[in-house]
Amino acid sequence: MDMLQNDPNERDATLLFPAQVARQRIDATIDALLCDVPERMATHSVGPSFDQANFRAELAAFTFDRPHELGAALHWVVEQMEHGNVQVTHPRYFGLFNPAPSFPAQCADRIAAAFNPQLASATTSPAAVAIERHVTDALARRAGLPDGAGGHFTTGGSEANFTALICALTAAHQDFASKGVRCFAGAPRIYVSFDAHLAWIKIAQMAGIGREAVRLVATDGTGRLDAAQLGCVLSDDIAAGDVPVMIAATAGTTGAGMIDPLIACANVANATHIWFHVDAAWGGALIASCTHAKQLRGMERADSVTIDAHKWFATTMGCGVFLARRSTDLAATFHVQTSFMPPGLAQEDPYATTVQWSRRFLGLRLFLSLATAGWEGHGAQVDHAIGLAALLARDLQALGWRVVNASPAAVLCVLPPDGAPAANIIVQRVVAAGRAWVSTTRFEGVQVVRVCISNGRTTTQDVAELVTALEAARGQKQAVLF
């Protein structure tokens, strides 16, 4: 017994797999460190506020040549997270599509980590696979897709959109799965808005069709894809011998939160017999709102849909969803057989119906969130954000600011009054002051201040604070509160 206690291997095992009493002590430490993070973050600067030189020196001390006490390491990491990031959980973070995660989603992460199911196979993880399928089926029904639709969780929107392209290419030619792009008589083409997420460029490269395969279609002056221009570009490509394979409309552009004309895009896709995809990574959560779901009319005609649960559905990162109009398309696209996987039905095994193989239990995050709040609760969060965006627009317009977009998805692109500093200067000043966080983007060729309301904890007071911060930046005042 003494030999075991002195055995280095036994000691190391204890460090990595401590006994229950030690785990309970560490769990208590974690609970104490994290239980009031939302309240603490609300009093901090929204941007990073730490000494980077000191941080790098402390980080370098972790040489991994000797063990560190876990409790001390936890304290150090939480301290760095608290001061060394843009705080996307802050109620005055009005930046990119990174809402504060819901508490049920955070609970899901702890459960998934404890049991660590492998979601490659329904045979080895029947409960987890069934829970995820239950959620994707519910999402598909809510999105208006017909019976027979299917889907799965992904690491995010890029993987989901990549899945859409591979499905579209497979559907476009019966030999694509075996021969790849060599089967096409001409160059494959996909069509997206000029304001679509440029992940499509990387996706085309990864799929082997090349970056030039992506046709960036002009917008109509309002930030939405111009459907007439789409038809012209597509017709020209066909005449040139190219092979259109997919139209990808965006429901919630990254820059301005605009929704492409989904019905018109569906009509063009149907007329040319090509795949119609809707990238609703941001705006897909509108399906939860009884008031605003109508903004997504036309999505029910899609062959596939992307929704990011880690965006407006407020799960932890990264958690995307891919939905297919016909679940059989997934099996046809990703089918594979191997002797080392347990036997099962191909349509039930994620390793044979998705891009991934080994994967975390991502869907539990949205399952617990929907189980806790239901569609009504998530719809209320969407309605709340849209209402605050309308309030912000009204208050800024009263001060002479111009709202240049008409997003139905809680994103404002604004220009300061005449004579004020440029939008990028105002954004730099707001971020430097630390009282709020906004970004800049280009909308229809003009640089603007971009504001997105995504945090369920954001209040009318936070909106008023943002107005104050923007006005202070416009007036070249550096009112630093933190």
Please give me the minimum heavy-atom distance between Trp437 and Val431, naming the atom from each residue. NE1-CG1, 3.8 Å
Compare all side-chain heavy atoms of Leu399 with those of Asp395 and state whether any distance is below 4.5 angstrom. no
Arg359 with Glu132: basic N within carboxylate O range, under 4.0 Å: yes
Taking all non-hydrogen atoms of both residues into account, name the closest pair between Thr459 and Leu388 and its distance. C-CD2, 4.1 Å
How about Phe162 and Thr154: do any of their side-chain heavy atoms sit closer than 4.5 Å? no
With rounding to the nearest 0.5 Å, note down the distance linking CD1 in Ile307 to CD1 in Ile287. 4.0 Å
Between Asp242 and Arg215 (salt bridge meaning N to carboxylate O under 4.0 Å), is one present in this structure? yes
CG/Asp36: more than 12 non-hydrogen atoms of other groups inside 6.0 Å: yes
Answer whether the closest heavy-atom distance between the side chains of Val214 and Ile190 falls below 4.5 Å. yes
Distance-only polar pair, side chains of Thr136 and His152, donor-acceptor under 3.5 Å: no
Fit a plane to each ring of His173 and Phe184, take the angle between them on a 0 to 90° scale, and name the class: parallel (under 30°), tilted (30 to 60°) or perpendicular (over 60°). perpendicular
With a 4.0 Å cut-off, would you call Asp109 and Arg360 a salt bridge? yes
Worked verdict on Trp282 versus Thr254 for side-chain contact (heavy atoms from CB on, under 4.5 Å): CA-CA 8 Å; Trp282 170 246; Thr254 304; over 6 Å; no
Strictly distance-based, threshold 3.5 Å: is any side-chain N or O of Asp303 a donor or acceptor partner for the main-chain N or O of Phe276? yes
Residue pairs passing the side chain to side chain donor-acceptor pair (under 3.5 Å) test with at least one member in residues 196-211, sequence neighbours excluded, are Gln205-Arg211
Less than 3.5 Å apart, any donor N or O on the side chain of Ser193 or Asp195 sitting next to an acceptor on the other? no
In short, Leu169 meets Pro188 closest at the heavy-atom pair CD2-CB, 4.2 Å
Heavy atoms only: give me the nearest Arg457-Glu39 pair and the separation to one decimal. NH1-OE2, 4.0 Å
So OG of Ser49 and CD of Gln87: to nearest 0.5 Å the spacing works out to 7.5 Å
Establish, from distance only, whether the side-chain atoms of Asn424 and Thr440 form a donor-acceptor pair under 3.5 Å. no
Exercise: identify the closest heavy-atom pair between Ala207 and Leu165: CB-CD2, 3.7 Å
I'd like to know if the side chain of His310 reaches the main chain of Gly318, judged simply by a donor and an acceptor atom lying under 3.5 Å from each other, with no hydrogens or angles considered. no
In chain order, what residues pass the salt bridge (charged side-chain N to carboxylate O under 4.0 Å, His left out) check against Asp462, with sequence neighbours excluded? Arg92
With rounding to the nearest 0.5 Å, note down the distance linking CG in Asn267 to OG1 in Thr272. 10.5 Å
Does the side-chain contact (heavy atoms from CB on, under 4.5 Å) test come out yes or no for Val430 and Val449, once each step is laid out? CA-CA 11 Å; Val430 170; Val449 178; over 6 Å; no
Between Ala473 and Arg429 the two heavy atoms that sit nearest each other are O-NH1, 2.9 Å
Report yes if the side chains of Arg365 and Phe153 come closer than 4.5 Å at any heavy-atom pair, otherwise no. no
Could you verify whether a donor N or O on one side chain and an acceptor N or O on the other, from Ser369 and Ser102, lie under 3.5 Å apart? yes
CD1 of Ile259 to CG of Leu225, rounded to nearest 0.5 Å, is 13.5 Å
Looking at Phe103, I'd like to know if the NZ or CZ of Arg110 sits under 6.0 Å from its six-membered ring centre while staying within 45 degrees of the ring's axis. no
Got a second to check how far Glu212's CD is from Ile201's CD1, nearest 0.5 Å? 10.0 Å
So, the side chain of Thr333 versus the backbone of Leu330: is there a donor-acceptor pair under 3.5 Å, distance only? no
